[in-house]
> 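The structure's right below; bear with me while I get my questions together.
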Amino acid sequence: MPIKVGVVGYGTIGKRIADAIVKFPDEFELVGVAKTTPDYEAEIAVRKGYKVYTYQEKLKDFEKLGIPVAGTVDELVEKADVIVDATPAKVGKEMKEKYYLPKNKPAIFQGGEKADIVDVSFSSLANYDKAVGARYVRVVSCNTTGLCRLLSAFLLHGLKIRRVRVCLVRRGADPKEHKRGPINDVVPDPVTIPSHHGPDVRTVIPEIDIVTMAVAVPVTIMHMHMVNIELESQVSREDVIRILSETPRIMLVPHGKRMDSLAHIIEWARDMGRYRNDVMENCIFEGSVTVIDGREVYLMMGIHQESIVIPENIDALRAMFKLADKWTSIERTDRTLGLVTEGKKYRF
Ligand code: NAD
């Protein structure tokens, strides 16, 4: 019997998680999605055949707009074996206290929640096994997921990391967010160093020496990371390229084919027919990969904030319900969701 999954919060992340869940009908059944507002997104969910649930006090609003509702959020939580919570930052904590704990439902939360509301902060390549059998799991944020995957690439290949220093250039808003900025500025975000990303990486890989700093810019398409990793042992540039090429969920953006910017990556995704132009892989500019003095690795990496955490949500579900071992899960997720799999190793 497939695991019954309810998705609470149907925005940028929640809608993508719902669309991913229905691609694994042997393992998961999407019981429904919870929406607070009767809007075009709710209407599309219904068109896709998803059952929409809302709060008791909102039922009339949905009725007025003719958007059919399958029941209340209370009922959705009751019916589901597990909830994937994709509500805005900090709302997940309230939902856990009000709905999931009283109904004894396990749940997955997203990166906007604090690490202390869960048993495990999760990133598949780094710590899949920690989530096996866990009841409350947090899939870390888009930037943290990108960094955890990148560092895992080196660790999985047996290399020791001395320290990591990262400058993050963050997109100011998601494409649909018409009221957020900046629109003509570069904003230290936050001005203090380290930004929260480094400590967040350590909730997944505790032993890493990492310092991050971040600015927000007037861009909606992707984040860009400028990364410096100092290793304990010597590597060549060719070693690093091989390591990155072999590691799942990492895509090398080819050098010399005029794929020179984040906009080109999004255009590539469009041309490849990727749904919503999603790019679930870390996108590392091959031309930027540089090794200095044999130990210092430099690179630039694009992160598609809207979609990068979707594969990790699917793996987290499998780990919690012990449906597959780490590498079986990662491979199955990647093949089914259409990530780049050519040349990837799925056993380390
Ligand atoms: P979003 O605002 O696009 O979507 C959240 C949705 O939840 C909205 O539709 C909102 O109306 C709804 N909602 C609010 N309160 C609710 C409630 N009590 N019950 C049901 N629905 C409720 O937000 P998002 O960008 O999808 O972010 C969701 C989570 O994912 C956050 O923790 C965020 O930090 C994290 N995250 C976001 C991104 C990103 O770049 N967008 C990337 C990775 C992780």
Side-chain angles (χ1 to χ4, degrees), residues 6-20 32-45 50 52-59 61-62 67 69 71-77 80 83-100 107-115 117-118 121-123 137-149 168-180 189 196-197 200 204 214 216 219-224 262 276 278-280 282 302-313 316:
V7 174
V8 174
Y10 190 75
T12 301
I13 301 298
K15 66 172 94 161
R16 286 173 169 80
I17 291 171
D19 291 347
V33 301
K35 279 280 302 166
T36 44
T37 323
D39 55 11
Y40 68 96
E41 289 175 313
E43 193 166 58
I44 294 170
Y50 304 162
V52 172
Y53 291 76
T54 192
Y55 296 91
Q56 186 69 42
E57 64 275 17
K58 301 274 184 167
L59 288 169
D61 300 342
F62 279 74
I67 299 173
V69 172
T72 62
V73 173
D74 226 35
E75 288 166 333
L76 173 64
V77 178
I83 295 296
V84 182
D85 183 293
T87 57
K90 318 273 188 315
V91 178
K93 180 179 192 286
E94 291 166 24
M95 294 299 290
K96 181 183 176 190
E97 283 157 14
K98 199 164 168 194
Y99 291 91
Y100 316 150
I108 293 175
F109 297 93
Q110 308 305 312
E113 301 304 321
K114 290 237 160 73
I117 72 159
V118 293
S121 287
F122 180 79
S123 186
V137 172
R138 178 179 75 115
V139 172
V140 289
S141 75
C142 45
N143 285 308
T144 307
T145 295
L147 289 169
C148 287
R149 286 182 186 172
L168 294 97
V169 182
R170 305 173 68 180
R171 60 88 179 98
D174 285 345
K176 71 171 184 192
E177 293 177 311
H178 65 294
K179 289 183 181 164
R180 274 183 67 176
D189 186 23
H196 71 274
H197 308 92
D200 205 31
V204 180
V219 158
T220 64
I221 50 177
M222 292 175 87
H223 303 295
M224 176 81 101
L262 298 181
R276 298 193 176 97
D278 283 352
V279 189
M280 293 181 244
N282 290 25
I303 299 293
H304 186 236
Q305 76 281 357
E306 296 178 284
S307 67
I308 187 175
V309 297
I310 307 310
E312 272 69 9
N313 273 273

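Start at 1 and go down the list; that is how both ligands and their atoms are numbered. No hydrogens, no waters, no symmetry mates; every other heavy atom, side chains included, goes into these values.
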> Just to verify, what does Asp74 make a salt bridge (charged side-chain N to carboxylate O under 4.0 Å, His left out) with, not counting sequence neighbours?
Lys103
> Say you draw a straight line from CD of Glu312 to CZ of Arg149; how long is it, rounded to the nearest 0.5 Å?
4.0 Å
> Hey, what's the ring geometry for Phe109 with Tyr100, parallel, tilted or perpendicular (30° and 60° as the breaks)?
tilted
> Could you pull out all residues at least two apart from Asp19 that satisfy salt bridge (charged side-chain N to carboxylate O under 4.0 Å, His left out)?
Lys48, Arg276
> Write 'none' if nothing qualifies; otherwise put on separate lines each N/O atom of ligand 1 with a protein N/O atom under 3.5 Å away and their distance to 0.1 Å.
{"residue": "ligand 1", "atom": "3 (O)", "partner": "Thr12", "partner atom": "N", "Å": "3.0"}
{"residue": "ligand 1", "atom": "3 (O)", "partner": "Thr12", "partner atom": "OG1", "Å": "3.2"}
{"residue": "ligand 1", "atom": "3 (O)", "partner": "Lys176", "partner atom": "NZ", "Å": "2.7"}
{"residue": "ligand 1", "atom": "11 (O)", "partner": "Thr36", "partner atom": "OG1", "Å": "3.2"}
{"residue": "ligand 1", "atom": "18 (N)", "partner": "Tyr55", "partner atom": "OH", "Å": "3.1"}
{"residue": "ligand 1", "atom": "19 (N)", "partner": "Tyr55", "partner atom": "OH", "Å": "2.6"}
{"residue": "ligand 1", "atom": "26 (O)", "partner": "Thr12", "partner atom": "N", "Å": "3.3"}
{"residue": "ligand 1", "atom": "26 (O)", "partner": "Ile13", "partner atom": "N", "Å": "2.9"}
{"residue": "ligand 1", "atom": "32 (O)", "partner": "Gly112", "partner atom": "N", "Å": "3.0"}
{"residue": "ligand 1", "atom": "34 (O)", "partner": "Gly112", "partner atom": "N", "Å": "3.2"}
{"residue": "ligand 1", "atom": "40 (O)", "partner": "Arg171", "partner atom": "NH2", "Å": "2.9"}
{"residue": "ligand 1", "atom": "41 (N)", "partner": "Asp174", "partner atom": "OD2", "Å": "2.6"}

> Apply salt bridge (charged side-chain N to carboxylate O under 4.0 Å, His left out) to Glu97 and list each qualifying residue two or more places apart in sequence or on a separate chain.
Lys93
> Are Thr87 and Asp85 close enough that a side-chain donor and a side-chain acceptor fall under 3.5 Å?
yes
